[in-house]
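Take a look at the structure set out below.
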Amino acid sequence: MTRNAEVARVLKEIGLLLEIEGKDKFKPRAYYRGMRSIASLGEDIESVAKRDTLTDIPGIGKGLSEVIKSYLETGEVELLTKLRTRVPVKVLELDSIPGVGPKTIRLVYEKLGVTDLGTLEKAANGGKLSGLPGLGEKTQVQIIEGIQVVRAGLERTLLADAISAAERIENDLRKLKVVKQLITAGSTRRRRETIGDLDFLVDATEPETVMDAFVNSEGVATIIAHGPTKSSIRLESGLQVDLRVLPSDSFGAGLQYFTGSVDHNVRLRSIAQKMGLRLNEYGLYKDKKKVAGEDEEGIYKALGLQWVPPELREDTGEIEAAQNGNLPELVTMNDIRGDLHSHTDQSDGKNTIEEMLDAAQALGYQYYCVSDHTQSLTIANGMDEDRLLKRIEEIDELNASGRWKMKILKGAEVDILADGGLDIEDEVLSQLDVVTGSIHSRMKDKKETMTERVCHAMENKNIHLLGHPTGRLIGKRSEFEIDLERVFETARKHNVIMELNAHPQRLDLNAGNLRAAIKMGLKIAINTDAHRISELDNMRFGIFQARRGWLTPDDIINTCPLKKLMKSIKK
Ligand code: DGT
Ligand code: CA
Ligand code: CA
Ligand code: ZN
């Protein structure tokens with residue numbers, strides 16, 4: 001968690017506790033406002049505090065600035081400590097359940113003594129909620145489902161969060177002169193969507209020095225084990241990190257073993273056995289003689305396989321492909337020539353169009369599509385036809401200005417309405433370069449209805465892309481029910497491109513969906529859907545996911561040069 005996110009969390013907790021205590025109606029709102037303000041702050045809160053300009057932040061008055069200062073300086077806030085004693089409720093945990101907010105928390109706390117996820121679950125399963133004022137049978141079912149969603153997401157960490165924690169510790173350890181090689185293996189190296197724990201491997205001249213530094217890393221909550229060849233810590237975020245020391249001449253074998261997956265490793269071991277060899281984390285052996293182990297390539301080669309990119313090591317066909325020399329040439333960051341889905345402060349983005357363009361240009365893109373929300377998404381200040389027409393003129397001017405070398409593409413992320421229509425007139429849509437259609441409403445539609453809706457939208461001749469096709473938010477919201485096979489067929493018929501939304505919490509489509517889509521001959525666009533400058537960097541998570549879906553540059557539309565891109569999205 002970044003410092004800003006930590007502070008936002010503290011403000012939110014205070015707000016929630018105050019609201020549940022119920023003594024003051026207005027104070028909680030001030031804390032929520034401050035929370036939102038800090039969460040969307042473009043600058044590091046610590047720098048603002050150092051300059052002593054916290055009260056310049058919208059929504060941060062004297063009181064809140066004192067709270068923030070106290071937290072940044074001491075890690076504690078007196079008000080929060082007192083509130084937690086007066087109202088012993090795990091408000092953040094309960095508030096994270098979809099469909100549960102402060103009002104419900106207050107009600108179940110007062111009437112049923114619910115204080116956390118476990119006690120709420122018990123009350124809901126016992127049918128105790130549906131008797132409470134304003135809570136029906138339906139809400140009770142929703143809450144039970146919501147608890148399951150939270151539970152499923154709690155134990156694992158999003159890849160992006162795991163990687164940023166890993167990089168922070170790795171960078172510190174790399175500064176030690178005794179470290180020769182250091183790498184994060186396990187599911188993180190395989191770029192799984194979520195991570196159980198981090199698995200560091202190190203080759204060092206003085207392992208104890210590395211171990212000591214490791215257990216003393218910043219952000220450690222508990223030291224689980226501290227030994228000469230293996231140590232484990234738990235970070236404040238709850239994420240566990242293991243560090244293993246490997247001998248130099250076995251580093252490749254250890255890296256291979258601890259990268260996994262278990263299924264992939266089991267297959268390799270049986271191939272070794274059939275060849276009269278033995279494979280373990282120290283090497284590949286013929287009787288007592290080591291035939292490979294220093295590097296990974298050597299092990300795969302000795303087993304008659306191409307080296308397998310970690311993203312493919314799930315035993316879903318990669319072993320056979322590697323035996324036949326048929327592994328795909330997976331896409332890399334260098335192949336990406338532009339981003340086709342992004343927002344500005346005209347809708348719910350945080351930065352101006354110029355700021356976004358400067359940042360995109362710095363990434364070396366050839367083209368960049370600005371695609372703000374449209375009118376039916378009122379909470380995102382979506383654009384109507386008039387505003388869109390103005391936007392079109394504005395982009396013509398920006399292109400003509402010559403300030404940006406890349407081509408600025410005119411786009412919109414239009415809402416797919418309940419009946420499958422789009423929320424902007426065709427007359428205006430036809431003037432845009434790239435139109436993405438997305439579902440943002442009625443996500444609980446029945447499978448048949450949702451499939452019809454999306455397929456009908458794709459029949460519109462002005463739609464080029466289907467945005468975040470399954471609508472899931474990892475650990476928060478499941479995919480909506482939809483017949484993807486029919487969606488893919490319809491997309492192929494009408495030349496609609498499937499988005500791979502690169503936001504770490506979306507990664508939508510998933511790897512299996514991607515493989516199915518390209519098998520049917522569909523093209524994919526990897527888009528960040530950036531709502532602020534920093535989110536343009538999420539492209540890397542889209543690339544990771546694309547690789548897990550076996551995608552090559554040819555499968556991806558935004559690897560094309562501009563001319564070819566415009567030609568191939570034409571209807
Ligand atoms: P995670 O942490 O749940 O996201 O997933 P992994 O894949 O990182 O799993 P983890 O941390 O339990 O173990 C790291 C790797 O070590 C795993 O991918 C393969 C290897 N490994 C662990 N246990 C076994 C085992 O019992 N057999 C074999 N062949 N390999 C194992
Ligand atoms: Ca792991
Ligand atoms: Ca592990
Ligand atoms: Zn979007």
Side-chain angles (χ1 to χ4, degrees), residues 151-170 173 181-203 210-211 214-215 217 220-227 229-235 237-247 250-274 277-285 292-293 296 299-300 303 305 307-316 318-319 474-475 504-505 507 510-511 541 544-545 547-548:
R151 281 213 187 284
L154 265 186
E155 295 113 41
R156 299 184 67 82
T157 303
L158 285 182
L159 177 66
D161 297 334
I163 286 185
S164 67
E167 284 175 349
R168 199 164 40 77
I169 304 173
E170 269 185 47
L173 294 181
Q181 302 185 71
L182 176 68
I183 191 160
T184 308
S187 50
T188 310
R189 185 161 180 248
R190 304 201 310 282
R191 312 306 193 191
R192 290 283 306 261
E193 296 167 353
T194 60
I195 303 304
D197 66 2
L198 289 171
D199 304 280
F200 285 8
L201 304 176
V202 68
D203 170 15
V210 186
M211 287 300 179
F214 173 68
V215 299
S217 295
V220 175
T222 335
I223 299 172
I224 301 167
H226 183 181
T229 58
K230 194 189 162 196
S231 295
S232 288
I233 54 177
R234 187 174 301 286
L235 301 176
S237 63
L239 182 65
Q240 183 177 324
V241 191
D242 299 339
L243 172 63
R244 283 186 185 78
V245 177
L246 299 174
S250 310
F251 197 82
L255 177 59
Q256 197 291 313
Y257 180 89
F258 290 111
T259 296
S261 66
V262 173
D263 293 338
H264 177 89
N265 288 356
V266 167
R267 291 287 308 278
L268 282 198
R269 237 174 306 149
S270 96
I271 292 173
Q273 264 166 16
K274 280 184 198 134
L277 304 169
R278 200 162 42 84
L279 177 65
N280 60 31
E281 64 256 55
Y282 299 105
L284 182 66
Y285 297 88
E296 266 193 341
I299 293 172
Y300 283 96
L303 294 174
L305 274 71
W307 176 81
V308 181
E311 294 92 334
L312 301 186
R313 299 185 194 172
E314 303 290 346
D315 190 24
T316 54
E318 78 281 6
I319 305 262
I474 298 170
Q505 194 156 47
L507 297 176
N510 71 26
F541 300 107
F544 294 157
Q545 181 83 335
R547 291 168 64 86
R548 290 191 353 99

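For ligands, and for the atoms within them, numbers begin at 1 and follow the listed sequence. These numbers were taken from a predicted model, which means no experiment stands behind them.
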Hey, is the main chain of [Y] close enough, under 3.5 Å, to the side chain of [X] for a donor-acceptor pair?
X	Y	answer
Arg234	Ile224	no
Asp315	Glu318	no
Ser232	Asp242	no
Arg548	Arg191	yes
Ser250	Ala253	no

Output the list of atoms in ligand 1 that are nearer than 4.0 Å to some heavy atom of [X], sorted by atom number.
X	result
Val262	19 (C), 24 (C), 30 (N), 31 (C)
Ile195	4 (O)
Arg190	7 (O), 18 (O)
Arg269	28 (C), 29 (N)
Asn265	19 (C), 29 (N), 30 (N)
Gly186	8 (O)

N/O separation below 3.5 Å, [X] to ligand 1:
X	value
Ser261	no
Gly196	yes
Asp199	yes

Quick one: list whatever passes ring-ring contact (aromatic ring centres under 6.0 Å, His included) with Tyr257, sequence neighbours left out.
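None.
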Applying ring-ring contact (aromatic ring centres under 6.0 Å, His included), name anything that partners Phe214, two or more places apart in sequence or on another chain.
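Applying ring-ring contact (aromatic ring centres under 6.0 Å, His included) to Phe214 gives none.
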Regarding Arg189 and Glu296, does a basic nitrogen lie under 4.0 Å from an acidic carboxylate oxygen?
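Yes.
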Residue-level breakdown please: for Thr259 versus ligand 1, do any non-hydrogen atoms fall below 4.0 Å on the side chain, on the backbone, on both, or on neither?
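Looking at Thr259 and ligand 1, just backbone atoms fall under 4.0 Å.
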Select one of side chain, backbone, both or neither to describe which atoms of Arg156 lie under 4.0 Å from any atom of ligand 1, heavy atoms only.
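The answer is the side chain.
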Minimal non-hydrogen separation, [X] against [Y], with atom names:
X	Y	value
Asp263	Glu314	CB-O, 4.4 Å
Val210	Leu173	O-CD2, 4.2 Å
Ile474	Pro504	CD1-O, 3.7 Å

Mark whether atom 18 (O) of ligand 1 lies under 4.0 angstrom from at least one protein heavy atom.
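Within 4.0 Å: yes, protein heavy atom nearby.
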Taking 3.0 Å as the distance threshold, tell me the number of protein N/O/S atoms next to the Ca ion (ligand 3).
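Step by step: take the Ca ion (ligand 3), keep protein N, O, S below 3.0 Å, and you get 4.
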Tell me: protein heavy atom nearest [atom], and distance?
atom	result
atom 27 (N) of ligand 1	Tyr257 OH, 3.7 Å
atom 15 (C) of ligand 1	Phe258 O, 3.3 Å
atom 12 (O) of ligand 1	Asp197 OD1, 4.9 Å
atom 4 (O) of ligand 1	Ser187 OG, 2.5 Å

Have a look at Glu311 and tell me which of Gln545, Arg547, Arg190, Arg192 forms a side chain to side chain donor-acceptor pair (under 3.5 Å) with it.
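In the set Gln545, Arg547, Arg190, Arg192, the residue that makes a side chain to side chain donor-acceptor pair (under 3.5 Å) with Glu311 is Arg547.
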Taking OH in Tyr285 as the centre, count heavy atoms belonging to other residues, nucleotides or ligands within less than 6.0 Å. Is the count above 12?
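Buried by this count: over 12 neighbours within 6.0 Å.
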Can you pull out every salt bridge (charged side-chain N to carboxylate O under 4.0 Å, His left out) where at least one residue sits in residues 250-261? Sequence neighbours excluded, please.
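Every candidate salt bridge (charged side-chain N to carboxylate O under 4.0 Å, His left out) pair involving residues 250-261 fails, so no pair, neighbours aside, qualifies.
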